[in-house]
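What follows is a set of notes on a single structure, which appears directly below.
By convention in this document, chain letters (A, B, ...) are assigned in the order of the sequence lines, proteins followed by strands, and residues within each chain are numbered from 1. Since the model is a prediction, treat every value here as computed from it, not as a measurement.
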Protein chains: 2
Amino acid sequence: MKNNGSIETGCLHCNVRLSSVFNVLDQEQTQELCAHKSCAVYKKGQYVFTENGLPNGLFCINSGKIKLTTTGYDGKEQILRLVKSGDILGYRALLSNERYHCSAVTLEDASICIIDKKYFFDALAASPKLMFEVVKKMSHDLKTAEDHIVSLSQKNVRERMAEALLFLKATYGFEEDNQTLNVSLSREEIADYVGTSTESCIRLLSEFNTDKLIQLKGKKISILNLQKLIQTANIED
Amino acid sequence: MKNNGSIETGCLHCNVRLSSVFNVLDQEQTQELCAHKSCAVYKKGQYVFTENGLPNGLFCINSGKIKLTTTGYDGKEQILRLVKSGDILGYRALLSNERYHCSAVTLEDASICIIDKKYFFDALAASPKLMFEVVKKMSHDLKTAEDHIVSLSQKNVRERMAEALLFLKATYGFEEDNQTLNVSLSREEIADYVGTSTESCIRLLSEFNTDKLIQLKGKKISILNLQKLIQTANIED
DNA sequence: GCAGAAACATGATTAAAATCATAAAAATTA
DNA sequence: TAATTTTTATGATTTTAATCATGTTTCTGC
């Protein structure tokens with residue numbers, strides 16, 4: 001009885017797995033993995049885990065988008081990372097044996113597996129390959145965070161806003177029309193990523209809209225002039 | 001011929017090793033390590049590695065302090081991390097098989113070992129314990145970076161300046177007098193960490209000095225009123 | 001010890017962005 | 001569908017911090 005779930009949720013048949021850190025596992029290891037995970041469905045806006053909580057497993061996003069946020073001073077939110085299907089979630093606190101220092105909230109309905117903590121550690125110790133994959137993921141997140149630091153330190157709000165739109169494109173890509181960002185964030189959420197006030201965020205997006213860099217339709221943002229947006233973000237000189 | 005260096009530089013007798021990621025190695029592994037490292041001395045202001053360079057080993061700080069900086073837009077420097085003896089250096093690019101995305105510059109004369117790349121990877125694969133130590137280090141650096149993001153996003157320059165002084169205290173500690181920060185940075189370097197202009201940095205430090213929060217003597221900064229500095233940094237409410 | 005350069009200091013001005021205020025539009029719920 | 005709340009929008013004002021300008025001190029090399 002290796003497979004607790006239905007055939008659809010079996011890891012061997014999971015096409016997201018192939019683009020995840022678990023792609024390095026062989027068939028046997030994958031079945032082991034499958035036996036130690038459980039899957040859950042989350043509604044939009046639900047918490048997957050919360051700040052200060054203790055991790056008891058590794059989350060793996062099957063479908064859906066998630067924001068990692070932390071509550072700063074005066075209760076203001078800060079979006080630290082954005083996560084998509086195939087990504088692992090909650091690995092930092094788990095690996096360093098600490099409490100979560102941020103919360104994970106779904107941006108849309110999501111399906112998420114949780115892999116048993118003990119099994120995951122054993123799997124890591126048994127498979128250097130898997131460990132290296134996780135290290136690469138963390139390394140990438142560290143680089144992204146440090147890029148963000150430079151941006152926050154040295155760029156003005158307009159540049160950071162343009163950069164944020166490019167980041168959303170890089171993270172979630174476009175819809176079928178090849179220009180609409182495949183994620184819906186409120187202006188406040190965008191501001192919480194960019195590090196500005198909601199009003200400034202609204203103002204700048206309106207301005208980009210007027211200047212035909214982007215097109216706004218409710219929460220949907222389309223990139224009309226990628227080249228000019230890159231210029232506005234002032235990426236490399 | 002296991003030991004290339006003098007007895008003083010042998011890893012077995014290195015007291016810095018015990019507070020480093022390599023403390024998990026046994027005697028035999030430590031001798032192996034010793035056979036695959038070489039040690040070098042750097043003068044203050046020297047580059048250990050530079051942005052865009054290719055890593056060919058892991059650096060381990062024997063003595064001395066190092067700043068990790070990246071060149072932002074308009075050539076402005078950003079200090080990303082501060083490194084001290086016992087710390088490893090240049091691990092991110094090495095582990096993710098990328099070029100360095102920042103440069104490492106010594107803040108004072110330093111003695112630094114470099115551990116052969118191939119050996120280090122083999123050692124990691126052979127010792128999950130060592131790997132976990134490295135992962136913990138990266139995890140810590142990621143948390144620090146994300147804390148910095150929140151600070152840059154949500155705090156004003158005065159708060160960040162106070163926070164930076166507390167960070168220097170946490171990183172390098174005090175001198176024997178138990179109040180003077182055990183590191184010498186120029187005002188410009190502090191500004192490059194805080195994310196402000198050199199002038200604003202100078203002004204705020206003078207102000208803290210006038211307000212008796214700190215005492216300035218050239219590059220030496222003493223913390224006179226820790227409690228008030230914590231208040232000024234607006235850490236937790 | 002001196003000359004030049006770099007770092008530190010401080011005032012004046014300008015620019016950027018936050019905050020405050022108000023209102024319209026959209027979404028949610030009764 | 002009407003009522004209420006939330007989100008988006010935009011103008012006016014204030015605050016913050018950058019920039020510009022100038023002078024002083026400290027450091028460094030000869």
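Looking only at atom types and distance, the side chain of A/His101 has a donor-acceptor partner in the side chain of B/Glu146 under 3.5 Å away. A side-chain donor from one of B/Asp177 and B/Thr180 sits under 3.5 Å from a side-chain acceptor of the other. If you check the side chains of B/Arg92 and A/Ser139, you find a donor sitting under 3.5 Å from an acceptor. Judged by distance alone, the side chains of A/Glu159 and A/Thr232 never bring a donor and an acceptor atom under 3.5 Å apart. Between the side chains of A/Gln78 and B/Ser153, at least one donor N or O sits under 3.5 Å from an acceptor N or O. Counted by atom type alone, A/Gln46 and A/Thr106 present zero donor-acceptor pairs between their side chains at under 3.5 Å.
For B/Lys220 and C/dC8, the NZ to C1' distance is 17 Å, given to the nearest whole Å. One interatomic measurement links the two molecules: NZ of B/Lys217 to C1' of C/dC8, which rounds to 18 Å at whole-angstrom precision.
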Could you encode protein contacts along nucleotides 13-30 of chain C as a string, one character per nucleotide from 5' to 3', using B for base contact, S for sugar-phosphate-only contact and - for no contact, with a heavy-atom cut-off of under 4.0 Å?
----SSBB----------
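Under the 4.5 Å side-chain criterion, counting only non-hydrogen atoms from C-beta, B/Val21 is not in contact with B/Lys136.
Listed pair B/Thr198 / C/dA7 fails the phosphate criterion, with no side-chain N or O lying under 4.0 Å from OP1 or OP2.
In this structure, the salt bridge (Lys or Arg N to Asp or Glu O under 4.0 Å) partners of A/Lys65, at least two apart in sequence or on a different chain, are A/Glu108.
Nucleotides of DNA chain D lying under 4.0 Å from heavy atoms of chain B occupy a range whose first and last members, 5' to 3', are D/dA17 to D/dC20.
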